[in-house]
Visitor: 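The structure follows.
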Amino acid sequence: MTYIPQRPPVQYKGLSLVIARLATWLGGIVIPLLLQLAWPVFIAAIVVIVAFVWVVGRFINPLLPWIVRDFIVVVGLLAFACIVAIIGIWGERKVAGRIQSRLGPMRTGVWHGWAQSLADGLKFVQKEDLIPREADGPLFRLAPYIALVPAFCAYLALPFGVGWVFRDADVSLLFVLAMLAIEVLGVIMGGWASNSKWSLYGAMREGCQLVSYEIPMGLSLLAAVAATGSVSLVQLGEAQSGGWFSWLIFRNPFLFFAFFTYYVASLASCKRSPFDLPEGESELVAGFHTEYSGFRFVMFFFAEYVAMFAVSALATIIFLGGWHSPVGGPSTPLWFLIKSTFLVWVQMWIRWTLPRIRIDQVMHACVKYLLPFTLLLFLGSSLWQLIDNPTHPVFEGFAHLLHYGLGVIGLLLLGLYFAGMVYGYWNRNRLVGQMARKHLPGA
Amino acid sequence: MLETVIFFLFAAVAVVAGLAILLSTNIVRMAYWLIAMLISVAGLYFLMGAYFLGVIQILVYVGGVAVLLVFGVMLTSRQLAPRLRPGPGEALWLVVVATVLLIGLILSVTHARFDQGAIVASNSVAEIGHSLLGDFLGPFELASVLLLVALLGAAYLARPKAPVQGAQQRKGTAI
């Protein structure tokens, strides 16, 4: 007869009794009620947030001492990062569903399962906090924080618009890169402290992958920095006002490709497919977070989505005109959010389209192709500064021609994308099954 | 007031982490204490307004060097870790080196003039870049050559140990 160790039943008393009762009440009555009233709650939440922001900005903000103001802004940024992660996780599952011809989460909440992430979070909080007996306890407990906190810290220097930035530092681009570089330490720490082979392999992969992809990532950004002469994100964004043709991505052919090399390297830096080797489910059970359960796992998950938005925001600010409208309208943080969300969405699209590559292929692709290519791009972009200069009238026409030519290529790519979208929508009945078709828009 | 509190916070973390590097016997813990120390020193730089220095400290030392260090250390066995204590010969060398360093440090601290005002350092990245490629071009190039030499040396030391065919023959004839 096999011996199955049994835990003693949990005795609730004192505070734990209150919490347990509250959780039962929440889980049994309040949450179903909220889900029934999903639409009113959703709209009410938006109204409350907008009213709060307006009141703070109009009346409270000028009266507050700076430390309280900083506190409020940090809490707001934290809330924004959490919302990014929550919507990102739900969006990822919807995108995955659509790409794999299924529905994704549909039940939780009323409208297309929008409350799925909240329900998941509630479930994770209730889970037991498991720590392996042979694990390195303190490091194991510390690792999720080391992964999540720097990813959030990157938002402190990230401008959402002119004046919409917590700290407009002179070196904000480097600050964001530094914060994203610390994040990997949490992953490595968690992988090593778990004292499990899967975790260690995941952590090692993450380590070597990130250290090698940081170089092409930095070099691609450096090409853009050399073109504008500033490492301040606000100034980089402001250098691209006007219209879509003044974005840095269309400034010269080298920067055009630098955007794509940056994007590939950023996929690797936040462990997105096809570079999600550190958590390769097919070979390492769950990679570096195999041993993590409950809320610690959620923190790793949050860190990934927060970092995804951060690298997309960097790409938006540096290459895609930041908060500037493509057609010359008013520049608002809304444009920044739209472009960044689009890039996050492309990351999800890539994840569910491309197969995972092997670790030797990852290193091969970086060291043998991406790194020399970005070096070449940096050199070319630096030399281009000599040509793209009004004092050389010979090259002026040529430069303008290329400038607009690249813009047209970019527009063509975007048009191709929209054409594909329309084609997919038109032929949607050929792809999905009977059940999914009923829920598709326009059914 | 607040600045002083934050200074002592970072300084305390740096000192505690520095001591913990020395006193810890687990090599991975040591590496993470080193990272804690580097980050708190970067925090001190931020506090003094040297944003570029602080950011570069994190980017290079924490993001690059420390990650590689942890990566290398992770490959060592966990069973070996507690036995990480210096032998008597190593201890002698350690004492000699540490004494020389301590004397140098004490001399430099006692000879430092703390009464001079704050140095008006150029904080802008552009000025730092201009001075690196202008006034300090020589040391800058020298440092990069030194790094290149170190890189080549490391690659030479880490070359595959399996001897090449020709080398094996020469070794055989020599013996």
Side-chain angles (χ1 to χ4, degrees), chain A residues 65-67 70 134-139 142-143 146 149-150 153 157 167-189 191-193 195 199-212 214-215 217-218 225-226 229-232 235 269, chain B residues 1-3 5-6 20 24-36 38-40 42-43 45-46 49-79 81-82 121-130 133:
Chain A
W66 60 269
I67 191 161
D70 279 3
E134 297 294 315
D136 191 333
L139 290 188
L142 191 61
I146 303 282
V149 172
C153 278
R167 283 282 185 272
D168 180 16
D170 200 19
V171 289
S172 44
L173 170 61
L174 293 174
F175 182 81
V176 173
L177 285 181
M179 286 304 134
L180 290 176
I182 297 183
E183 196 204 334
V184 62
L185 280 172
V187 171
I188 296 180
M189 188 190 269
W192 186 82
N195 200 11
S199 306
L200 188 62
Y201 273 121
M204 280 169 53
R205 287 176 175 187
E206 167 78 0
C208 63
Q209 173 179 318
L210 195 114
V211 167
S212 37
E214 232 172 23
I215 303 168
M217 189 171 161
V225 167
S230 170
V231 279
S232 158
Q235 287 176 25
S269 89
Chain B
M1 173 57 202
L2 191 69
E3 234 171 62
V5 171
I6 295 174
S24 171
T25 52
N26 185 334
I27 193 162
V28 175
R29 293 271 182 91
M30 278 185 210
Y32 279 110
W33 279 119
L34 177 67
I35 290 162
L38 290 171
I39 291 180
S40 52
Y45 290 152
F46 280 126
Y51 297 115
F52 184 72
L53 198 59
V55 162
I56 288 297
Q57 162 105 353
I58 293 181
L59 200 60
V60 173
Y61 283 101
V62 178
V65 175
V67 168
L68 279 180
L69 196 69
V70 174
F71 183 68
V73 153
M74 267 192 334
L75 299 174
T76 58
S77 162
R78 281 190 67 146
Q79 272 67 43
S122 60
N123 197 24
S124 99
V125 185
E127 281 177 46
I128 291 173
H130 277 300
L133 291 179

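Here is the naming used below: chain letters follow the sequence lines, and residue numbers restart at 1 for every chain. Please read these numbers as outputs of a predicted model, since none were measured by experiment.
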Visitor: Among A:Leu142, A:Val184, A:Ile188, A:Leu177, which has the most heavy-atom pairs under 4.5 Å with chain B?
Guide: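 Greatest number of close heavy-atom pairs with chain B: A:Ile188.
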Visitor: Where is the tightest heavy-atom contact between A:Glu214 and B:Gly63, given as atom of each residue plus distance?
Guide: OE1-O, 3.9 Å
Visitor: How many angstroms lie between atom CG of B:Leu59 and atom CG of A:Leu174, to the nearest 0.5 angstrom?
Guide: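 Here the rounded value is 6.5 Å.
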Visitor: Check whether B:Phe46 gets within reach of chain A through its side chain, its backbone, both or neither, counting any heavy atom under 4.5 Å.
Guide: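 The side chain, not the backbone.
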Visitor: As an exercise, state the distance from CD1 of A:Ile146 to CD1 of B:Ile39, rounded to the nearest 0.5 Å.
Guide: 7.0 Å
Visitor: Are any non-hydrogen side-chain atoms of A:Leu185 and B:Tyr32 less than 4.5 angstrom apart?
Guide: yes
